[in-house]
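A short worksheet on the structure shown next.
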Amino acid sequence: MARPSENWSGFAGLSPESDKYKRIKLVLSSANFKHLKKCAIDSRRRHQINLPPDIDCGINLTQFATGFNNLVLELTFSDNIYWIARIPYRTIDHNTKTSLLSEIATMNIIRQRTSIPIPRIFEFEMSIDEPFGYPYVLMEYLGGRKLDDGLAKSIPRQYHAKVAKQFANVFAELQNLTFSRIGRLWCGETTDQPVEIIPMGWHHSPGPLETSLEYFYNQRQGENREIVALHPNNTDWLTACWVLKTALAHTVIEDRVRGPFPLCHLDLHFGNLLFDDEYNLTGVIDWSNAQAAPIEQLSVSPELVIFPGLSEEQNRPIVEFKKLVIQFVKEMENEKAKAKEEGKGEGKTPPLGQQQGNMKQSQHLTPLSTYMASESAELMHRQYMASPKGSLWAAKRVAKLIYGEHITWEQLRKVYGCMTLL
């Protein structure tokens, strides 16, 4: 297995004048890495009883990776086992701490309840008052690599079915991990308490929410207010707000309004998927935004949506890959339904907290595969991925999907361009 830091650039990819460079420099120069090594060795001993007594650990401080919030370091044990240390390099406030603990709780639940490959969390610390001096998370190194572009484009055609089936399994398993309210998962500050749902960190109505209508409508209203503030008295942008708002009637599933609500990654694309040389999925990473959300939200993935600017021929690999994914999701849904009818698998997964009543209610609900195959799924994707600055383009695309050639943008502008946004 290749070592984690093989392609990490360290300081080479950072500008010495940047705030990020300075913050990382401070962490590397002030943190007590001797203490972190001891914590890693002690943690391995707790998780592996027969560990050799002379086991040692080294930390690579020159080749590292960085994200928007975290410094990522490689830990190498003397028996050639690798771990990853994730260290926030920005100031940790209450909200950041809550987000980190929610992510850890979510990852633990996924490992317990699904077969989705994700890193195991071995140890974490949220306090800056401990000897290391910074919060940290020690986790498993899964191996594998990120692809350079979208799945349909990067993966050789002969591997498409193999990858599509693995990708479909992620959707199918998340569809079955459900909750009765919308929000982030929380298992206490020790991440080992019964799960509960807490407010979201990014939504205009943080919740927890009870219905998909609240989730989609309130977020759309919040973003529309941002758009109007950026573009006051602009008929095109006002029309965009109304088009995106009215499109919700075409995207929300009636029988799913009150759940159950599956766990959603919210950023499921090639940059968060790891593959080995045979295109086996070795890991799904970055669960920092994961939460229980409407099933319509689960359908959203950039890997399954065409690019309007490309030709039909150029988009064909994406279309064909999407069909494969939906086909496999449907097969998995059918297998689960058949097993349930035959009495197999019942009782193997006790309901999580906040799931009361959902198991019986979910027997005749619209399945994920049906929604993914509908035009509503693309409308949902355009809605979710449209930032306030990009909403005009998104609204024109949504209008095209809903009205086709029958109604032009100019006609919509005559109707909505003079209507006060409610």
Side-chain angles (χ1 to χ4, degrees), residues 69 86 88 92-116 118-127 135 137 139 170-219 222 256-268 284-298 300 346-362 365 368:
N69 293 309
R86 202 176 80 181
I92 290 285
D93 58 18
H94 174 73
N95 291 335
T96 307
K97 179 182 176 182
T98 299
S99 294
L100 284 170
L101 289 172
S102 174
E103 181 182 5
I104 293 170
T106 300
M107 293 175 70
N108 288 340
I109 289 170
I110 294 166
R111 280 187 57 85
Q112 294 164 8
R113 305 285 175 164
T114 79
S115 64
I116 298 171
I118 67 168
R120 180 181 181 183
I121 304 294
F122 293 113
E123 199 81 22
F124 68 88
E125 176 58 63
M126 292 292 115
S127 175
V137 180
M139 63 177 68
V170 175
F171 285 102
E173 295 228 44
L174 291 179
Q175 177 181 203
N176 295 325
L177 189 53
T178 60
F179 303 83
S180 65
R181 294 199 296 170
I182 297 169
R184 290 179 292 178
L185 310 191
W186 179 257
C187 295
E189 298 215 355
T190 55
T191 70
D192 58 0
Q193 301 301 305
V195 64
E196 59 181 291
I197 302 298
I198 63 171
M200 294 170 277
W202 60 276
H203 202 275
H204 279 276
S205 295
L209 302 177
E210 306 289 339
T211 70
S212 60
L213 289 176
E214 295 173 277
Y215 179 83
F216 292 120
Y217 184 84
N218 294 355
Q219 182 63 17
R256 289 278 193 166
V257 167
R258 295 191 177 278
F261 304 110
L263 185 66
C264 297
H265 183 282
L266 294 191
D267 202 14
L268 205 53
V284 181
I285 60 175
D286 192 1
W287 293 84
S288 57
N289 294 312
Q291 62 177 59
I295 196 167
E296 298 93 328
Q297 180 72 74
L298 179 58
V300 174
E346 289 188 359
K348 289 184 179 179
T349 306
L352 296 174
Q354 305 298 326
Q355 280 189 307
Q356 59 273 15
N358 280 351
M359 303 302 286
K360 291 182 180 179
Q361 295 170 13
S362 63
L365 299 180
L368 178 62

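On a predicted model such as this, the values are computed, not experimentally measured, just so you know.
The shortest heavy-atom contact between P294 and C264 is O-SG, 3.9 Å. The heavy-atom pair separating Q219 from H204 by the smallest distance is OE1-N, 2.8 Å. Of all non-hydrogen atoms in P88 and R86, the two that sit nearest each other are CD-O, 3.9 Å. The nearest pair of heavy atoms linking E125 to S127 is OE2-N, 2.9 Å. Counting all heavy atoms, side chain and backbone alike, L266 lies closest to W202 at CD1-NE1, 3.9 Å. Closest heavy-atom contact between E173 and R113: OE1-O, 4.3 Å.
A donor-acceptor contact closer than 3.5 angstrom is absent between the side chains of E296 and Y215.
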Audit row: F124, L100, side-chain contact (heavy atoms from CB on, under 4.5 Å) steps and yes/no | CA-CA 10 Å; F124 68 88; L100 284 170; over 6 Å; no

List the steps, then state whether side-chain contact (heavy atoms from CB on, under 4.5 Å) holds for R181 with E210.
-> CA-CA 5 Å; R181 294 199 296 170; E210 306 289 339; 3.1 Å; yes

I would like to know whether S288 and N69 meet side-chain contact (heavy atoms from CB on, under 4.5 Å); could you show each step before the answer?
-> CA-CA 11 Å; S288 57; N69 293 309; over 6 Å; no

Could you walk me through whether I92 and M126 pass side-chain contact (heavy atoms from CB on, under 4.5 Å), step by step?
-> CA-CA 9 Å; I92 290 285; M126 292 292 115; over 6 Å; no

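N95 CG to D93 CG: the interatomic distance, rounded to the nearest 0.5 Å, is 5.0 Å. Remark: E189 CD to I104 CD1 distance equals 11.0 Å, nearest 0.5 Å. Between the CD1 atom in I118 and the CG atom in D286 there is a gap of 12.0 Å [rounded to 0.5 Å]. Atom CD1 in I121 sits 4.0 Å away from atom CE in M107 (nearest 0.5 Å). Separating the CG atom in L209 from the CZ atom in F216 is a distance of 11.0 Å, to the nearest 0.5 Å. Distance check, rounded to the nearest 0.5 Å: OG of S212 to CZ of R256 gives 10.0 Å.
Distance alone, capped at 3.5 Å, places no donor-acceptor pair between the T211 side chain and the R258 backbone. A distance-only check finds no donor-acceptor pair linking the side chain of Q291 to the backbone of G183 [under 3.5 Å]. At least one donor-acceptor pair closer than 3.5 Å links the side chain of H265 to the backbone N or O of I285. Remark: the backbone N or O of C187 is not paired with any side-chain donor or acceptor of T191 at under 3.5 angstrom. Proximity of a side-chain donor or acceptor of S102 to a complementary backbone N or O of T98 within less than 3.5 Å is not detected. Looking at R184, its side chain does come within 3.5 Å of a backbone N or O of P199 through a donor-acceptor pair.
When the options L263, V284, L185 are evaluated for a side chain to side chain contact (heavy atoms under 4.5 Å, CB included) with I110, the one that passes is L263. Each of L174, L368, L365 was checked for a side chain to side chain contact (heavy atoms under 4.5 Å, CB included) with I295, and the lone residue meeting it is L368. Each of F261, F179, W186 was compared with I197 under the side chain to side chain contact (heavy atoms under 4.5 Å, CB included) criterion, and only F179 meets it.
When side chains are defined from C-beta on, E196 does not count as touching P194, because their heavy atoms never get closer than 4.5 Å.
Around the CD atom of Q193, the shell of radius 6.0 Å holds more than 12 heavy atoms that belong to other residues, nucleotides or ligands.
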